[in-house]
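Here's the structure, in structure tokens; my notes come after.
To find a chain, count down the sequence lines: A is the first, B the second, and so on, and within it residues start at 1.
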Amino acid sequence: MTEFQHKIHDIVIKIPKGSVVTYKEVAQLAGRPKAYRAVGNILNKNYNPVIPCHRVIRSNGEIGGYNKGSDLKRKKLLTEGIICGKII
DNA sequence: CGTATGACGTGCA
DNA sequence: GTGCACGCCATAC
């Protein structure tokens, strides 16, 4: 567990229900605005259910990816009230 | 330590 | 709007 990972987890956990954040936003909040790649990498390896990684989407509005499948991510977002027919 | 990879982003044709 | 290339950071090998 590195400090960066801890920060990312903490930030993602603090994402309110019904809201979404972009990878760049998370990286910026973590103090590394240009580490959005690392953010995705960490979330990809992170299988911790306490982390709502499904609330992290791409800056262009795309769903992005998900550990358990992008389809489940889209479904979760729909359940939380995020408007996403398919992609944007 | 150097290379390769990845849930990305931006710029340019 | 689409496609390609470059950059940037952390992790794995």
Within the structure provided, determine whether [X] and [Y] are in side-chain contact (heavy-atom separation under 4.5 Å).
| X | Y | answer |
| --- | --- | --- |
| A/Asn44 | A/Asn67 | yes |
| A/Leu77 | A/Ile57 | yes |
| A/Asn46 | A/His9 | yes |
| A/Lys45 | A/Gln5 | no |
| A/Phe4 | A/Val39 | yes |

In whole angstrom, give the distance that lies between atom [atom1] of [X] and atom [atom2] of [N].
| X | N | atom1 | atom2 | value |
| --- | --- | --- | --- | --- |
| A/Ile42 | C/dA12 | CD1 | C1' | 13 Å |
| A/His9 | C/dT11 | NE2 | C1' | 13 Å |
| A/Ile8 | B/dA7 | CD1 | P | 16 Å |
| A/Tyr47 | C/dT11 | OH | C1' | 15 Å |
| A/Glu62 | C/dG1 | CD | C1' | 12 Å |
| A/Arg32 | C/dT11 | CZ | P | 11 Å |
| A/Asn44 | B/dT5 | CG | P | 15 Å |
| A/Tyr23 | B/dG6 | OH | C1' | 11 Å |

Looking only at side-chain N and O atoms, does A/Lys24 come under 4.0 Å of OP1 or OP2 in B/dT10? yes
Check whether any side-chain nitrogen or oxygen of A/Arg58 sits under 4.0 Å from OP1 or OP2 of B/dG9, and answer yes or no. yes
Begin from the C-alpha positions of A/Asp10 and A/Lys14 and carry the test salt bridge (charged side-chain N to carboxylate O under 4.0 Å, His left out) through to its verdict. CA-CA 6 Å; A/Asp10 193 48; A/Lys14 284 172 184 171; 2.7 Å; yes
Mapping A/Ile57 and A/Ala38 onto DNA chain B by nearest heavy atom, which one lands closer to the 5' end?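 First, find each residue's nearest nucleotide; the 5'-ward one identifies A/Ala38.
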Taking donor-acceptor contacts at under 3.5 Å, does the side chain of A/Tyr66 reach the base of B/dA7?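 No.
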Looking at every non-hydrogen atom in both residues, tell me the closest pair between A/Ile13 and A/Pro52 and how far apart they are.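 Minimum heavy-atom separation between A/Ile13 and A/Pro52: CA-CD, 3.9 Å.
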Under a 3.5 Å distance rule, please check whether A/Thr79 uses its side chain to pair with a backbone N or O of A/Lys75 as donor and acceptor.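 Yes, A/Thr79 side chain to A/Lys75 backbone: donor-acceptor pair under 3.5 Å.
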Reference residue A/His54; test side chain to side chain donor-acceptor pair (under 3.5 Å); the match among A/Lys76, A/Lys73, A/Glu80: A/Glu80
Using a 4.0 Å heavy-atom cut-off across all strands, classify A/Lys73 as base, sugar-phosphate, or nothing.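 Since a base atom lies under 4.0 Å of A/Lys73, the category is base.
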Checking all strands, does A/Thr2 fall into the base, sugar-phosphate, or nothing category for heavy-atom contacts under 4.0 angstrom? sugar-phosphate
Please determine, for the side chain of A/Lys45, which listed nucleotide (C/dA12, B/dG6, B/dT10) has the closest atom?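 Of the options given, the side chain of A/Lys45 lies nearest C/dA12.
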Identify which nucleotide among C/dA10, B/dG9, B/dA7 has an atom closest to any side-chain atom of A/Asn60, counting heavy atoms from C-beta outward.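 Out of C/dA10, B/dG9, B/dA7, the nucleotide with an atom closest to A/Asn60's side chain is B/dG9.
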Enumerate the protein-to-nucleotides 5-8 of chain C contacts in which both atoms are nitrogen or oxygen and the separation is below 3.5 Å.
residue	atom	partner	partner atom	Å
C/dG7	O6	A/Arg37	NH2	2.4
C/dG7	N1	A/Arg37	NE	3.4
C/dG7	N1	A/Arg37	NH2	2.3
C/dC8	N3	A/Arg37	NE	3.3

List every contact pair, protein side and nucleotides 2-4 of chain B side both N or O, where the distance is under 3.5 Å.
none

Does atom CZ (A/Arg32) have a neighbourhood of more than 12 heavy atoms from anything else shown, all under 6.0 Å?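 Incorrect, the count does not exceed 12.
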